[in-house]
Amino acid sequence: MKSENLKFLEQHQGSTTSALDRCKSFTFDVNQQAESLVQWEQRYNQHSSGTFSGYLDELKLAGIHFFEEFTNQTLLQQCAVKDDNLWLGFSLQTQRPKINNYQIEAGQIMTRPSGVEFELLTPADFHIYGLVVNKDSISQEMVGPDQALWENRDNTMQASAPNHYVSYELAKLISLLLNNNNSPSGKNSIINEHNLSRLTTLKPLITSKVADLLAQTEYTNEQHFGHYQTTQRVITEITNYIKQTNHYPLTITELCQIAHVSRRAIQYCFEQGLGISPIQYIRECRLNEIRRVLLGSGQQNTIADLALNFGFFHLGTFNAQYKQLFAETPTQTLQRSERYQDANISKNTLKPSIIDK
């Protein structure tokens, strides 16, 4: 069942049956980046200054959705995987992401099942590899104790123990499937329109390879203790309050009352969990929401009224803060809103009707 708490944007490729099997898209708006990934419900907020750009390279094969995503700005992503799937995400970069305010170390693989909402904080200029795995497809590859561990894996486990070999081999596999398909000549590609007969052989080999690697991952409960637990509770209570009431608190006092903690505690939780002050976080969330409204259809309020509705009482200050975050003025965003749907450029390299044969 779809979450009632998060009013996510509907994805343009919402079901596994209609999803493109091979697609690469380039986006120049953070909201369109959030809409690009299939089998997800998600919303992205930008928390660093400048023009946004990103891309998503993806392939769906053998019950597994492989993808690589790049985003050039710091983002706080609210995510949930659709259908009966499991998401695994990781990065080989030195910059480290956070999942639910838990710092991910090198070699760790983030894991979230379908229907479970989570937050992902990614730094600027960030590449992430991901797999959305159909649980039944992988379960069929698991044997004996491996199958029992896979099927009974605790949904509270959100990051594996560090395993550099597994993350490196998964990245190598994803790169091989994605990047080779984009070779200029196409002659050396693993899969292209000239060698589709390879699919029959490749599908079981790829599924088995992924299962082999996942069977080597280990999970512990250590991440659920200490200050991490308090930080996550405080930030979750505040974000849930915003989702449920559609009201953004404007003062530290309001935040403390919502989370039932002291001013010092609220400051510590946001700085440790998100790397910014609570006031900056709330301000940037309001600016992101205003941007979504300006880009949406049916927007009738003036910019001044919209700013006031979201707690910006000085229009000059609002315009300056908006431009600093998004590298354009609210008026410029509104002027290009009619062209918003054309900013996403997609390229199919394989047709679904061919790849499924």
Side-chain angles (χ1 to χ4, degrees), residues 2-9 30 34 41-49 73-80 96-104 110-113 115-123 154-159 221-293 307-313 317-318 321-322 325:
K2 183 181 294 185
S3 166
E4 296 179 356
N5 291 334
L6 287 179
K7 297 181 180 178
F8 286 116
L9 295 170
V30 67
E41 291 179 340
Q42 55 190 9
R43 179 161 58 183
Y44 288 3
N45 275 353
Q46 181 176 324
H47 288 281
S48 61
S49 300
Q73 299 292 348
T74 300
L75 303 180
L76 183 60
Q77 309 174 18
Q78 296 175 318
C79 311
R96 306 312 308 162
K98 289 185 177 182
I99 182 170
N100 291 335
N101 305 300
Y102 174 75
Q103 180 79 49
I104 297 299
M110 298 173 284
T111 307
R112 291 281 78 196
V116 178
E117 299 164 4
F118 65 95
E119 288 189 343
L120 186 63
L121 180 65
T122 56
D154 190 343
N155 284 347
T156 64
M157 304 300 186
Q158 59 188 16
N221 263 323
E222 293 178 359
Q223 64 228 43
H224 293 278
F225 296 98
H227 69 84
Y228 157 77
Q229 199 171 33
T230 301
T231 298
Q232 178 61 12
R233 179 190 67 78
V234 168
I235 295 177
T236 298
E237 286 191 8
I238 292 171
T239 54
N240 284 342
Y241 172 85
I242 294 171
K243 296 168 195 171
Q244 293 164 5
T245 66
N246 202 30
H247 168 73
Y248 286 87
L250 302 179
T251 67
I252 291 289
T253 300
E254 287 183 88
L255 295 173
C256 292
Q257 290 172 343
I258 294 167
H260 308 288
V261 294
S262 67
R263 302 177 78 88
R264 178 179 294 182
I266 206 88
Q267 191 79 21
Y268 174 84
C269 288
F270 274 88
E271 289 181 352
Q272 290 296 310
L274 302 177
I276 57 177
S277 71
I279 290 299
Q280 180 183 349
Y281 169 77
I282 294 297
R283 180 177 66 244
E284 291 176 352
C285 285
R286 289 183 288 147
L287 291 171
N288 275 275
E289 191 61 39
I290 290 173
R291 183 177 179 81
R292 277 188 280 269
V293 174
L308 186 61
N309 291 341
F310 279 89
F312 293 94
F313 303 110
T317 301
F318 161 71
Q321 291 173 341
Y322 187 98
L325 185 58

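For the numbers below, each heavy atom of this structure counts, side chains included, while hydrogens, waters and symmetry mates do not.
Y268 and T231 make their closest contact through CE2-OG1, 4.4 Å (heavy atoms, listed as atom of the first residue, atom of the second, distance). Closest non-hydrogen pair, L255 versus P278, comes out as CD1-CB, 3.6 Å. Here the shortest heavy-atom pairing between P97 and L120 reads CB-CD1, 4.4 Å. Residue Q46 comes nearest to L325 through the heavy atom pair NE2-O, 2.8 Å, listed as atom of the first residue, atom of the second, then distance.
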Evaluation steps, side chain to side chain contact (heavy atoms under 4.5 Å, CB included), between Y102 and Q158: CA-CA 9 Å; Y102 174 75; Q158 59 188 16; 3.8 Å; yes
**Derivation and outcome, side chain to side chain contact (heavy atoms under 4.5 Å, CB included), residues N309 and I290** = CA-CA 10 Å; N309 291 341; I290 290 173; over 6 Å; no
*Check the pair V234 / I266 against side chain to side chain contact (heavy atoms under 4.5 Å, CB included), numbers first and verdict last.*
CA-CA 7 Å; V234 168; I266 206 88; 3.6 Å; yes
| request: Could you please spell out the steps behind the side chain to side chain contact (heavy atoms under 4.5 Å, CB included) verdict for I242 and I282? | output: CA-CA 10 Å; I242 294 171; I282 294 297; 3.9 Å; yes
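Side-chain contact annotation: S48 with Q73, donor-acceptor N/O pair under 3.5 Å present.
Judged as a salt bridge (charged side-chain N to carboxylate O under 4.0 Å, His left out), and not counting sequence neighbours, the contacts of E289 are R43, R292. Annotation: side chain to side chain donor-acceptor pair (under 3.5 Å) contacts of R263 (sequence neighbours excluded): T253. Under the rule for a side chain to side chain donor-acceptor pair (under 3.5 Å), E119 has no partner lying at least two apart in sequence or in another chain. In this structure, the side chain to side chain contact (heavy atoms under 4.5 Å, CB included) partners of I279, at least two apart in sequence or on a different chain, are I252, S277, R283. Residues meeting the side chain to side chain donor-acceptor pair (under 3.5 Å) test with T236, sequence neighbours left out: Q232. In terms of the ring-ring contact (aromatic ring centres under 6.0 Å, His included) criterion, residue partners of Y281 (sequence neighbours excluded) are, by chain and number, H47, F270. Not counting sequence neighbours, E271 has no partner by the salt bridge (charged side-chain N to carboxylate O under 4.0 Å, His left out) test. Applying the side chain to side chain donor-acceptor pair (under 3.5 Å) rule to S49 yields no partners; only residues at least two apart in sequence or on another chain are considered.
With contacts defined as side-chain heavy-atom distances shorter than 4.5 Å, the pair F118/I99 qualifies. Two residues are said to be in side-chain contact when any heavy atoms from C-beta on lie closer than 4.5 Å; F313 and L308 meet this criterion. At a threshold of 4.5 Å between non-hydrogen side-chain atoms, the residues L121 and L274 count as touching. Between E284 and I276, the closest side-chain pair of non-hydrogen atoms falls below 4.5 Å. Counting heavy atoms from C-beta on, the side chains of V30 and L75 come closer than 4.5 Å. Annotation: side chain of I104 is not in contact with side chain of K98 (no heavy-atom distance under 4.5 Å). Residues E237 and N240 fail the side-chain proximity criterion, which asks for heavy atoms closer than 4.5 Å.
Distance check: Y44 OH to Q77 CD gives 4.0 Å after rounding to the nearest 0.5 Å. Atom CZ of R264 is separated from atom SG of C269 by 13.0 Å, given to the nearest 0.5 angstrom. With rounding to the nearest 0.5 Å, the separation of CG in N100 from CZ in R233 is 15.0 Å. In this structure, N288 CG and R291 CZ are separated by 8.0 Å, a value rounded to the nearest 0.5 Å.
Under the 3.5 Å distance criterion, the side-chain polar atoms of Q78 are left unmatched by any main-chain donor or acceptor of E117.
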